[in-house]
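Written out below as structure tokens is the structure these notes cover.
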Amino acid sequence: MSRLIIVSNRTPGKGPAAGGLAVALRKTLAERDGFWFGWSGKLVDAPEAEARFEEIDGLTVAQIDLTRNDHHAYYAGFSNSILWPSFHLRLDLATIEGHWYEGYRRVNAQFAKALRPLLRKDDVIWVHDYHLIPLASELRHLGLRNRMGFYLHIPFPTTDALYAIPHHNELMRDLSRYDIVGMQAQRDVAAFTEFSDHQSPSSLSGPPLKSVNFSTTEVAAFPIGSDPEAFARLSVTPAATKMVKRMERAMGDQKLILGVDRLDYSKGLPQRVEAYEKLLANNAQFRRNVHLLQVAPPSRDTIKEYQETSDTLDAMCGHVMGRFAEPDWQPLTYVKRAYGQPSLAGLYRLARVGLVTPLRDGMNLVAHEYVASQNPEDPGVLVLSRFAGAAEIFEEALQVNPFDTDETAEALRLALEMPLDERKARWQSLMAAARRHNIDNWATSFLGRLSPEAAQEEGGAARDILYLASVA
Ligand code: G6P
């Protein structure tokens with residue numbers, strides 16, 4: 001079997017992972033030959049051209065350093081102040097500074113240059129996420145003809161939002177240099193198709209112009225999942241139970257409503273707290289009987305919009321405390337810290353309600369992990385945003401419009417009052433969906449399409465000629 005090379009901005013670390021990506025891919029690579037390539041996390045004045053290899057928890061990881069200026073333009077700038085907000089349809093929060101594109105491009109070229117000498121002819125390359133859209137183009141410029149796949153972990157934007165991104169045409173041409181582009185949900189493929197069928201209808205004089213040729217790129221939805229069996233086991237380990245005991249001591253009989261999210265404006269945290277406030281305001285019976293725990297590890301906190309989200313949330317949590325807390329009862333706890341998987345699994349299992357209400361999200365693995373961690377005899381209820389990719393998977397969740405805080409408050413009430421029979425029935429179908437869409441099936445189906453054998457079936461020779469033409 002050919003080696004698998006995974007490329008992503010962040011490589012797997014040793015501490016608790018805030019995002020789902022590292023958790024998801026660790027398992028895939030542990031089962032095949034190959035290595036993981038990415039940024040070391042270090043900023044230096046003059047990075048070495050060659051990557052350094054290291055073994056991290058049984059994985060072979062090759063890393064490069066970046067300069068501070070390039071990293072700023074590539075990561076905080078183009079990736080997270082332009083691509084992230086635009087792809088999440090938050091153009092109001094984007095900072096359009098076109099010059100960041102140069103740093104973004106430079107870092108992608110640096111990745112390609114350091115990766116090129118490490119590659120063999122039949123290696124399969126799997127690139128992850130919006131930081132690295134141009135990587136295939138850069139590698140193909142260096143003469144690489146290997147199979148290359150790209151997986152977008154975040155939603156694909158609407159056409160207007162895409163056109164707001166500087167250099168969007170180049171980025172879309174870069175996307176067409178991959179053999180396979182995987183998206184989280186059907187809605188993302190539909191948005192992509194809408195764009196690729198029409199493409200920059202900007203000419204005043206003629207019919208719509210199709211400037212990017214996607215005929216050799218397969219674009220399809222491959223919804224990511226978790227490892228539900230592992231989470232189910234983890235949720236009853238001593239480490240998880242320790243967290244459950246701690247919480248039970250603090251909460252007594254109160255029902256727990258739990259949110260776990262990176263502190264990001266796409267997660268809808270202020271709307272969530274507002275919905276909780278409405279729940280308490282409209283349903284006095286829940287006061288002293290429920291508790292909201294929001295775990296929100298800080299993220300990208302050099303970016304102003306993230307700092308503002310954090311400040312907003314501080315103020316809103318303070319407001320709800322001031323309005324409802326009593327000397328011996330607090331309505332909520334807000335923790336700005338990352339927890340390891342065992343503690344989270346324990347919290348998920350304890351929570352009567354898993355509150356997952358992003359305004360827009362690629363998939364949302366917290367929804368998967370919450371479902372997987374439930375006690376089958378007494379499961380909790382998933383309240384889920386219909387704008388998360390997970391909404392296509394989890395039809396039996398209580399789905400809400402996260403912008404409508406009345407609706408979310410009502411869903412919370414229904415979840416808290418839901419009889420055991422209904423909770424069990426809903427959970428069984430959610431768990432079946434989590435099992436069907438597990439991480440192994442995700443990787444196997446993507447890599448099955450990306451394998452050289454799949455290419456031969458589709459007539460790889462014709463494709464090679466096209467690559468040569470595009471390199472020239
Ligand atoms: C999302 C992205 C990932 C990213 C993670 C954490 O899940 O899709 O690519 O790694 O957030 O964000 P950070 O900026 O800290 O890497």
Side-chain angles (χ1 to χ4, degrees), residues 6-26 28 36-43 61 63 66 71-90 93 100 104 107-108 111 126-133 135 149-157 181-185 188 222-226 260-269 295-307 309-310 336-339 341 344 356 358-369 385 387-390 439 442 446:
I6 289 174
V7 191
S8 62
N9 173 51
R10 281 189 197 277
T11 51
K14 288 166 189 154
L21 179 60
V23 178
L25 288 176
R26 182 188 299 275
T28 310
W36 192 322
F37 184 94
W39 173 49
S40 63
K42 294 201 180 85
L43 300 175
V61 181
Q63 294 171 320
L66 298 174
H71 181 259
H72 177 74
Y74 148 81
Y75 174 77
F78 201 78
S79 295
N80 286 315
S81 296
I82 297 183
L83 294 179
W84 179 274
S86 309
F87 278 44
H88 286 86
L89 307 187
R90 293 304 301 268
L93 299 181
W100 282 330
Y104 178 74
V107 170
N108 272 269
F111 265 56
W126 190 4
V127 179
H128 290 266
D129 237 353
Y130 57 102
H131 317 86
L132 298 172
I133 294 171
L135 191 65
F150 179 80
Y151 191 79
L152 183 67
H153 288 257
I154 65 175
F156 193 82
V181 172
M183 311 247 176
Q184 294 276 20
D188 303 312
F222 297 86
I224 202 170
S226 67
V260 178
D261 309 77
R262 275 184 314 101
L263 217 177
D264 191 301
Y265 49 76
S266 66
K267 302 296 183 184
L269 298 176
V295 176
S299 179
R300 307 174 194 164
D301 50 11
T302 59
I303 300 173
K304 182 172 84 13
E305 286 70 20
Y306 284 78
Q307 293 157 4
T309 304
S310 178
K336 282 183 177 174
R337 195 179 327 140
Y339 285 87
Q341 285 190 339
L344 287 180
V356 183
L359 304 180
R360 195 165 165 83
D361 212 335
M363 168 55 63
N364 197 300
L365 286 173
V366 168
H368 284 252
E369 293 166 2
S385 161
F387 305 127
I439 191 74
W442 170 72
F446 189 93

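Just so you know, residue 1 is the first one in the sequence shown, and it goes up from there. In each ligand, atom 1 is the first atom listed, and ligand 1 is the first ligand listed.
- In terms of N/O distances under 3.5 Å, ligand 1 is not approached by Asn9.
- Listed for the Ser79 side chain is a donor-acceptor partner under 3.5 Å among the backbone atoms of Tyr74.
- Ring orientation note: the planes of His128 and Trp442 are tilted relative to one another, at an angle of 30° to 60°.
- Backbone and side-chain nitrogen or oxygen atoms of Asp129 are examined, and one is located within less than 3.5 angstrom of a nitrogen or oxygen of ligand 1.
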Could you walk me through whether Tyr306 and Asp264 satisfy the side chain to side chain contact (heavy atoms under 4.5 Å, CB included) test, starting with their C-alpha distance in whole Å, then the side-chain angles of each, then the deciding distance to 0.1 Å, before giving a yes or no? CA-CA 6 Å; Tyr306 284 78; Asp264 191 301; 2.8 Å; yes
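- Less than 4.0 angstrom separates some heavy atom of Ile154 from each of these atoms of ligand 1: 8 (O).
- Interface atoms of ligand 1 facing His153, defined by a heavy-atom separation under 4.0 Å, are 8 (O).
- Within the 4.5 Å cutoff, the side chain of Phe387 has no heavy atoms near those of the Asp361 side chain.
- Listed by number with element, the atoms of ligand 1 under 4.0 Å from a non-hydrogen atom of Tyr75 are 13 (P), 14 (O), 15 (O).
- Distance check, rounded to the nearest 0.5 Å: NE2 of His368 to CD1 of Ile224 gives 8.5 Å.
- Between Trp126 and Tyr151, the angle of the ring planes goes over 60°, which puts this pair in the perpendicular group of the 30/60° scheme.
- Proximity of Arg262 to ligand 1 is established by a heavy-atom distance of less than 4.0 Å.
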Determine, step by step, whether His131 and Trp39 satisfy the ring pair (Phe, Tyr, Trp, His ring centres under 6.0 Å) criterion, reporting the C-alpha distance in whole Å, the side-chain angles of both residues, the deciding distance to 0.1 Å, and the verdict. CA-CA 11 Å; His131 317 86; Trp39 173 49; 9.8 Å; no
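- The N/O atoms of Ser299, backbone and side chain alike, include none that comes under 3.5 Å of an N/O atom in ligand 1.
- If you look at Arg300 next to ligand 1, the close heavy atoms, those under 4.0 Å, all belong to the side chain.
- Heavy-atom proximity to His131, at under 4.0 Å, picks out these atoms of ligand 1: 9 (O).
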